Amino acid sequence: MTISYTLDVSQTNLQSFFSLLLRWRGSVWKAVFGQLAVWTAVFLLISCIYRYILSPSQQDVFEQLVRYFDNKLDANIPLTFLLGFFVSFVVARWGSILNGIGWIDDASLLFATYIRGADEETRVIRRNLVRYLVLSQALVLRDISMQVRKRFPTMDTLAASGLMTHEEMDILDHIKDPYSRYWTSIQWSLNLVYECQKKGKVESYYLMNKIVDEIGKFRHGLASLLKYDWVPVPLVYPQVIFLAVRIYFMICLIGRQFIVTGSNPSGIDLWLPITTMVQFLVYMGWMKVAEALLNPLGEDDDDLECNYIIDKNLITGLSIVDTMWKHDDTGYSMVEEHMAKTPAQKKDEFWGIDKIAPLYSMESAERSVHPLVGSASKINLVKNKKEIVMTPHKNKLSELDPTEQKTYLRRVNVSDHNAKHAKQRGLERANSPDKCLSKMRSRSNGKFRTSANGSQNGVDLWTRAGDIEMNVAISNPNQVHPHSITVFPPDEPQTTSRH
């Protein structure tokens, strides 16, 4: 998960410094501590052999080796120069990957604004345009990110999660070129936009081109991710850097030993080479930054939250395109596209659900995520107050007479804010993510029965979370997927029921 520390450095003081320094997850301590401990143990072992086991003649030879290895070591292996260029290159590459991963907000706003109509047909089209873009993103990321691959190990899991229908999965399965498969859903989106213009849902070709351009930008970002995965940093470059750093500190195991005998002993015998250990911490930590950023789509502490981005795009996109249009009771209308291989437009899996909850495999759901929420958004600064007094800034107050100053004075009651904040914090403590996942895991031991589900050749490909018979009542049916699966707790009569 991405490690957020922005709030800790909101002020430049010692508290912020120590809050930043004493973190463990994603820190230099976690990245380097194990290797530093091993290096120190080997250094002390060599030191003990030199002091207590070697004969005087052997000690003389060892001391010559110490002077030889330490002589001009920093000049012969310029770690600062090598690491500086390499880390700068990798960070720039990481920034390009971050920019290319794709946010659906702009495209969704154009769908909601330029594709006019509150009828169900138009709503289905707008929502499917969002879903097709997210599907394309998921298809790309599951092939280049282990996070997403573990969440969607097969195409069936993509369909079961609601990102595509069974018909759409059949179309994708018949496409032999894997690269073309990524952009098939993009082509569906473009076909839908063109059909909307022909039917008058988009007023002009200019507005249609605006939508098409935004879809093209989204596709271009995903294509850049594929290129970065296809053509990594030339292997020789990271090999040289990683090898140079490790060889440097292997040489230091002998070159930084304290000489205790002979005619030219070290001025002080500390046993532990403190300055070299600091060098190890800095250089090895610097190298670990480059190692982590070489593939920011992996599973390290500071890798990008690929699964969260998919969820965020789906939820935000569907919310944007449906918010400004009222729900008209016009009945369901299936729209057949007349372009080749374009699937029928059906209601998506999240239709009518207030709280959209994208699905994960039970294993991938255990990974913590850092959502796109402001680092200070959960801080309640008025916890022990009943009201806040609002006034103009002191510089403006000096320009106002007493009557005008009184006019601008405001008192804001914060009791409701504190009550909502306390309730939300209480719910978060009572329903921690780990507890909720543990409950879901225990519930998953129930028996699933499929009453009406998508199947291929009479074989059910997946079961969906839907009508659930448990010992607890469902207070809000809109918070679960309204599909036709009945889950029976163990050792209870298996009588089908529909809600």
Side-chain angles (χ1 to χ4, degrees), residues 1-9 20-36 77-103 137 140-151 220-249 278-310 312-313 364 367-373 375:
M1 60 178 288
T2 304
I3 306 302
S4 176
Y5 57 89
T6 310
L7 185 61
D8 291 340
V9 294
L20 181 67
L21 194 64
L22 298 179
R23 282 176 168 264
W24 173 255
R25 177 171 289 183
S27 67
V28 65
W29 317 116
K30 182 179 179 181
V32 176
F33 178 77
Q35 296 184 54
L36 178 59
I77 306 179
L79 289 188
T80 304
F81 174 79
L82 294 173
L83 282 170
F85 273 98
F86 184 64
V87 172
S88 298
F89 172 77
V90 171
V91 169
R93 186 175 182 270
W94 172 85
S96 299
I97 293 176
L98 176 61
N99 292 331
I101 204 165
W103 302 96
Q137 185 177 52
V140 169
L141 290 178
R142 72 184 291 270
D143 281 356
I144 63 177
S145 170
M146 283 303 299
Q147 293 180 43
V148 184
R149 193 72 180 186
K150 287 182 177 180
R151 179 182 179 183
H220 178 75
L222 296 179
S224 68
L225 296 184
L226 288 169
K227 294 172 185 175
Y228 279 117
D229 182 72
W230 178 44
V231 184
V233 177
L235 182 60
V236 173
Y237 201 180
Q239 280 182 335
V240 168
I241 302 301
F242 299 158
L243 194 62
V245 173
R246 287 174 170 83
I247 288 177
Y248 179 92
F249 287 105
V278 172
Q279 275 187 313
F280 190 99
L281 190 69
V282 173
Y283 286 142
M284 195 65 70
W286 204 358
M287 186 191 70
K288 287 293 181 180
V289 171
E291 284 184 346
L293 297 185
L294 268 177
N295 180 17
L297 306 178
E299 298 181 287
D300 293 328
D301 285 342
D302 269 314
D303 283 338
L304 303 179
E305 299 288 358
C306 298
N307 280 319
Y308 173 77
I309 292 171
I310 294 173
K312 188 265 178 192
N313 280 341
S364 62
R367 176 183 168 87
S368 300
V369 299
H370 174 64
L372 185 62
V373 178
S375 58

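Sequence positions, counted from 1, serve as the residue numbers for this chain. Here the structure is a predicted model, which is why all the values come from computation and not from measurement.
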Sorted by chain and residue number, the side-chain contact (heavy atoms from CB on, under 4.5 Å) partners of V91 (sequence neighbours excluded) come out as V87, L293

Enumerate donor-acceptor pairs with a distance under 3.5 Å from any side-chain N or O in residues 226-236 to protein atoms, sequence neighbours excluded.
from : atom 1 : to  : atom 2 : distance (Å)
Y228 : OH     : S96 : OG     : 3.3

Q147 meets the side chain to side chain donor-acceptor pair (under 3.5 Å) criterion, sequence neighbours left out, with none

Quiz item: Can you find a pair of side-chain heavy atoms, one from F249 and one from Q35, that are under 4.5 Å apart?
Solution: no

To the nearest 0.5 Å, atom CZ of F33 lies from atom CG of L281 at 11.0 Å

Q. Are any of the side-chain heavy atoms of T80 and Y283 separated by less than 4.5 Å?
A. yes

Rounded to the nearest 0.5 Å, the CE atom of M146 sits from the OG atom of S364 at a distance of 11.0 Å

Are the side chain of N313 and the backbone N or O of G102 linked by a donor-acceptor pair below 3.5 Å? yes

Under a 4.0 Å N-O cut-off, is there an ion pair linking K150 with E299?
-> yes

Contacts of S88 meeting side-chain contact (heavy atoms from CB on, under 4.5 Å) (sequence neighbours excluded), chain-then-number -> none

| said: I'd like to know whether CH2 of W94 has more than 12 heavy-atom contacts from other residues, nucleotides or ligands below 6.0 angstrom. | reply: no

So CG of L82 and CD1 of I77: to nearest 0.5 Å the spacing works out to 9.0 Å

Only one of Q137, E305, R142 passes side chain to side chain contact (heavy atoms under 4.5 Å, CB included) with I310, and that residue is Q137

Applying salt bridge (Lys or Arg N to Asp or Glu O under 4.0 Å) to R93 and not counting sequence neighbours gives none

Using side-chain heavy atoms (C-beta onward) and a distance below 4.5 Å, is L225 in contact with L141? yes

- Query: Between W103 and K312, is a side-chain contact (heavy atoms from CB on, under 4.5 Å) present by the stated rule, with each step listed?
  - Reply: CA-CA 9 Å; W103 302 96; K312 188 265 178 192; 3.7 Å; yes

Exercise. What is the ring orientation for F85 with F81, classed by angle as parallel under 30°, tilted 30 to 60°, or perpendicular over 60°?
Worked result: perpendicular

Output for pair (I144 CD1, C306 SG), nearest 0.5 Å, gives 7.0 Å

Name each donor-acceptor pair under 3.5 Å that joins a side chain in residues 237-245 to protein atoms two or more places apart or in another chain, with its distance.
none

>> Between V148 and L297, is the side-chain contact (heavy atoms from CB on, under 4.5 Å) condition met? List the steps.
In response: CA-CA 9 Å; V148 184; L297 306 178; over 6 Å; no

